[in-house]
Amino acid sequence: MPLSRAFYFQSPRALARDLLGCVLVSRSGSIVTSGMIVETEAYLGPEDAASHAAFRPGSHALFYGPGGIAYVFRAYGMHDCLNAIAGDVGRAGCVLIRAVEPLQGAAAMARRRGVPVGSRRLASGPGNLTRALGVTRRHNGADLTAGPLTIEPRDGDRAQPIARGPRVGIARDPGRILRFWIAGNPHVSRGP
DNA sequence: TAGCTGATTGACT
DNA sequence: GTCAATCAGCTAA
């Protein structure tokens, strides 16, 4: 059962923390791939200069819509990045999913990525993650509570040691502590 | 229509 | 450590 819509009705910062340890599931035809979310970043509304809500009008409709929707954008002409919209209607904000630890379909992911099965770089990094799971801009606006792309609750209730730090790779407003990852997990993307 | 920029990656020195 | 690849969507004209 995917996470309910209500789960996404919280602040981007809180959602970024809560998504750690949850499982991102992608279904493409008969191929199912999934991975545990190990690294996220929060992006706020217009007050956050690094958020697309602040400078990409084309994404406004999604940002201000209900939570639980996928926002996929292309960066540097070749990398797609996956976000989950956070908050209720009228509240802008989203969570960038930067890295997952492969669970199901590792072989299919490795094939898409062109790296050996079991590689730690299989889905570490926003661009790698979307390629491994077969996420493209066609998923922009997709419903994460029902559809080919969903997020499921974490296994059990075991607490994860969470680390935090400044966001990576952004040109505007660096220094905000809005990046979260599972401490010690080898699948977290490398820093700058 | 032309030019610019970027929430990146991987290959190379 | 440097740097090229490559394109959607904006801006200026």
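Since the structure is predicted, the reported quantities are computational estimates derived from the model, not experimental observations. Each chain gets a letter, A, B and so on, in the order the sequences are listed, and its residues count up from 1. Computation of the quantities below employed the complete heavy-atom set of this structure, encompassing side-chain atoms and omitting hydrogens, waters and symmetry-equivalent molecules.
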> Within this structure, what is the CD-to-C1' distance between Glu39(A) and dA7(B), rounded to whole angstrom?
Replying inline: 12 Å

>> Can you measure Leu44(A) atom CG to dA7(B) atom C1' for me and round it to whole angstrom units?
In response: 13 Å

>> Using a 3.5 Å distance criterion without hydrogens, assess whether the side chain of Glu39(A) forms a donor-acceptor pair with backbone atoms of Gly125(A).
In response: no

>> Under 4.0 Å, heavy atoms only, any strand: does Ala171(A) hit a base, just the sugar-phosphate, or nothing?
In response: sugar-phosphate

>> I want to confirm an ordering. Mapping Ser59(A) and Gly77(A) to their closest nucleotides on DNA chain C, which one lands closer to the 5' end?
In response: Gly77(A)

>> Any base atoms under 4.0 Å from Asn128(A), or only sugar-phosphate, or nothing? Heavy atoms, all strands.
In response: sugar-phosphate

> Short question: side chain of Thr130(A), backbone of Gly127(A) - any donor-acceptor pair under 3.5 Å?
Replying inline: yes

> Between Glu41(A) (CD) and dT8(B) (C1'), how many Å, whole number?
Replying inline: 12 Å

> Do Asp173(A) side-chain atoms and Ala50(A) backbone N/O form a donor-acceptor pair below 3.5 Å?
Replying inline: no

> Quick one: do Arg74(A) and Asp80(A) make a salt bridge, cutoff under 4.0 Å?
Replying inline: yes

>> With the threshold set at under 4.0 Å for non-hydrogen atoms, list the residues of residues 108-117 of chain A touching DNA chain B in residue-number order.
In response: Arg113(A)

>> Reading DNA chain C in the 5' to 3' direction, which nucleotide is the first one with an atom under 4.0 Å from a heavy atom of chain A, and which is the last?
In response: dA5(C) to dC10(C)

> So, are Asp48(A) and Arg13(A) salt-bridged, with charged N and O less than 4.0 Å apart?
Replying inline: no

> How close or far is atom P of dG6(B) from atom CZ of Arg172(A), stated in whole angstroms?
Replying inline: 6 Å

> How close or far is atom C1' of dT5(B) from atom CZ of Phe73(A), stated in whole angstroms?
Replying inline: 13 Å

>> With a 4.0 Å cut-off on N to O distance, would you call Arg120(A) and Glu101(A) a salt bridge?
In response: no

> Contact class for Phe55(A) vs. all strands (heavy atom < 4.0 Å): base, sugar-phosphate, or nothing?
Replying inline: sugar-phosphate

> Would one find more than 12 heavy atoms of other residues, nucleotides or ligands at under 6.0 Å from atom CZ of Arg56(A)?
Replying inline: yes

> Do Gln10(A) and Tyr8(A) have side-chain atoms, one donor and one acceptor, less than 3.5 Å apart?
Replying inline: no

> Looking only at side-chain N and O atoms, does Arg98(A) come under 4.0 Å of OP1 or OP2 in dT8(B)?
Replying inline: yes

>> What stems show up for DNA chain C when you take Watson-Crick pairs (N1-N3 plus N6-O4 or O6-N4) and G-U wobbles (N1-O2, O6-N3), both under 3.5 Å, and require three or more consecutive pairs?
In response: B:1-6 with C:7-12, B:8-12 with C:1-5

> Are the aromatic rings of Phe73(A) and His52(A) close, with centres under 6.0 Å apart?
Replying inline: yes

> How many Å lie between CG on Leu96(A) and C1' on dT8(B), as a whole number?
Replying inline: 11 Å

>> At 4.0 Å (heavy atoms only), tell me whether Arg167(A) reaches a base, stays on the sugar-phosphate, or touches nothing.
In response: nothing

> Taking NZ, NE, NH1 and NH2 as the nitrogens, is one of them in Asp143(A) or Arg5(A) under 4.0 Å from a carboxylate oxygen of the other?
Replying inline: yes

> How many Å lie between OH on Tyr76(A) and C1' on dA7(B), as a whole number?
Replying inline: 7 Å

> So, Phe7(A) versus Phe9(A), ring centres under 6.0 angstrom or not?
Replying inline: no

>> Check whether Tyr64(A) forms a cation-pi arrangement with Arg91(A) (NZ or CZ under 6.0 Å from the six-membered ring centre, at most 45° off the ring normal).
In response: no

> Ignoring hydrogens and angles, does a donor from either the side chain of His79(A) or the base of dA7(B) sit under 3.5 Å from an acceptor on the other?
Replying inline: no

> Given atom CE of Met78(A) and atom P of dT5(B), what is their separation to the nearest angstrom?
Replying inline: 16 Å

> How far, in whole Å, is dC12(B) from dT6(C) if one measures between their P atoms?
Replying inline: 15 Å

